[in-house]
Amino acid sequence: LEKMTDLVAVWEVALSDGVHKIEFEHGTTSGKRVVYVDGKEEIRREWMFKLVGKETFTVGATKTKATINIDAVSGFAYEYTLEINGKSLKKYMENRLKTTNTWILSLGGMDYRVVLEKDTMDVWCNGQKMETAGEFVEDGTETHFTVADHSCCIKAVSSGKRKEGIIHTLIVNNREIPEAVE
């Protein structure tokens, strides 16, 4: 296996199915472009005469669209930016904070990353979309699912304030799990 000598950029992208590592090699003398997602080669182009441009590929189980933009800044210096679903990585992650909740928990010595997609109420755990059962309760809704034989519940309760909206809380074994900041 050749060593990644032309590695110019590495990004970590948190999606519902996990945190993905995107690596980009750009050989400015050979014109080579290689994109790796989670260590697996997704794109390889040799002898590209045009050193600027873009490479588009998908990331994760949800096949999220990603694009690496290659721009010349000055002379032989290049800038590499990553877009997710057509938004800059920063904008995408800011938007994601509004549309998802993420919790990291440890059960029986194993770590689990639970993600709630608020718009669809889909629940993901360590890259798998979970089977869930939703029910209306007196003060809101509860979404029930199981992680490693532990019953889990995401409670959705109105904050009573329009700006805050709905508050989602993960409860595992009658214990509230604090939300993770990614």
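FYI, side chains are in, hydrogens and waters are out, and symmetry mates aren't considered; it's all heavy atoms of this structure.
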Ion pair [X]/[Y], N-O distance below 4.0 Å:
X	Y	result
R33	E25	no
K155	E142	yes
E42	K40	yes

Extract all donor-acceptor atom pairs below 3.5 Å that involve side chains of residues 109-121 and protein atoms in other chains or at least two apart in sequence.
{"unit_1": "D111", "atom_1": "OD1", "unit_2": "S106", "atom_2": "OG", "d": "3.3"}
{"unit_1": "R113", "atom_1": "NE", "unit_2": "E182", "atom_2": "OE2", "d": "2.6"}
{"unit_1": "R113", "atom_1": "NH1", "unit_2": "L15", "atom_2": "O", "d": "2.9"}
{"unit_1": "R113", "atom_1": "NH2", "unit_2": "L15", "atom_2": "O", "d": "3.0"}
{"unit_1": "R113", "atom_1": "NH2", "unit_2": "E182", "atom_2": "OE1", "d": "2.9"}
{"unit_1": "R113", "atom_1": "NH2", "unit_2": "E182", "atom_2": "OE2", "d": "3.1"}
{"unit_1": "E117", "atom_1": "OE1", "unit_2": "T120", "atom_2": "OG1", "d": "3.3"}
{"unit_1": "E117", "atom_1": "OE2", "unit_2": "S16", "atom_2": "OG", "d": "2.5"}
{"unit_1": "E117", "atom_1": "OE2", "unit_2": "W124", "atom_2": "NE1", "d": "3.3"}
{"unit_1": "K118", "atom_1": "NZ", "unit_2": "K98", "atom_2": "O", "d": "3.3"}
{"unit_1": "K118", "atom_1": "NZ", "unit_2": "N101", "atom_2": "OD1", "d": "3.4"}
{"unit_1": "T120", "atom_1": "OG1", "unit_2": "D122", "atom_2": "N", "d": "3.2"}
{"unit_1": "T120", "atom_1": "OG1", "unit_2": "D122", "atom_2": "OD2", "d": "3.3"}

Would you indicate whether the side-chain heavy atoms of [Y] and [X] approach each other to under 4.5 Å?
X	Y	result
V37	K21	no
E179	T102	no
I22	V59	yes
V123	T143	yes

Do you know the tightest heavy-atom contact between [X] and [Y]?
X	Y	value
I166	A156	CG2-CB, 3.8 Å
C125	M130	CB-SD, 3.5 Å
G165	S159	O-OG, 2.7 Å
V35	E55	CG2-CB, 4.3 Å

Review item, side-chain donor-acceptor pairs of residues 63-74, under 3.5 Å, at least two apart:
{"unit_1": "T64", "atom_1": "OG1", "unit_2": "T62", "atom_2": "OG1", "d": "2.9"}
{"unit_1": "T67", "atom_1": "OG1", "unit_2": "T56", "atom_2": "OG1", "d": "3.1"}
{"unit_1": "N69", "atom_1": "ND2", "unit_2": "E83", "atom_2": "OE2", "d": "3.2"}

Practice task
Apply side-chain contact (heavy atoms from CB on, under 4.5 Å) to I154 and T169, showing your working.
Solution key: CA-CA 5 Å; I154 296 175; T169 311; over 6 Å; no
Measuring from [X]:[atom1] to [Y]:[atom2], what's the distance to the nearest 0.5 Å?
X	Y	atom1	atom2	value
T58	H20	OG1	NE2	10.0 Å
K87	Y92	NZ	OH	8.5 Å
F24	Y36	CZ	OH	11.0 Å
L170	F145	CG	CZ	5.0 Å
S151	I171	OG	CD1	11.0 Å
L82	S88	CG	OG	9.5 Å

Do [X] and [Y] land in one hydrophobic cluster if side-chain heavy atoms of ILVMFWY residues count as linked below 4.5 Å?
X	Y	answer
I104	L107	no
V8	L89	yes
I43	V52	yes

Practice task
Please say whether more than 12 non-hydrogen atoms of neighbouring residues, nucleotides or ligands are located less than 6.0 Å from CG in D139.
Solution key: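 Yes.
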Practice task
Determine whether more than 12 heavy atoms belonging to other residues, nucleotides or ligands lie under 6.0 Å from atom CD of E46.
Solution key: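 For E46, atom CD is crowded (more than 12 foreign heavy atoms under 6.0 Å).
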Handout entry: Check against side-chain contact (heavy atoms from CB on, under 4.5 Å), I177 and R175
Key = CA-CA 6 Å; I177 307 297; R175 186 169 69 92; 3.7 Å; yes
Practice task
Taking T146 for its side chain and D149 for its backbone only, find out whether a donor-acceptor pair lies under 3.5 Å.
Solution key: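 Pair absent, no side-chain N/O of T146 close to backbone of D149.
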Handout entry: side-chain contact (heavy atoms from CB on, under 4.5 Å) between V172 and V147, worked out
Key = CA-CA 9 Å; V172 181; V147 173; over 6 Å; no
Practice task
Give a yes-or-no answer on whether the side chains of H144 and E135 include a donor-acceptor pair shorter than 3.5 Å.
Solution key: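 H144 vs E135: donor-acceptor pair found between side chains.
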Practice task
Report yes or no: do Y80 and H26 form a side-chain donor-acceptor pair below 3.5 Å?
Solution key: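 Yes, because at least one side-chain N or O of Y80 sits under 3.5 Å from a partner of the opposite role on H26.
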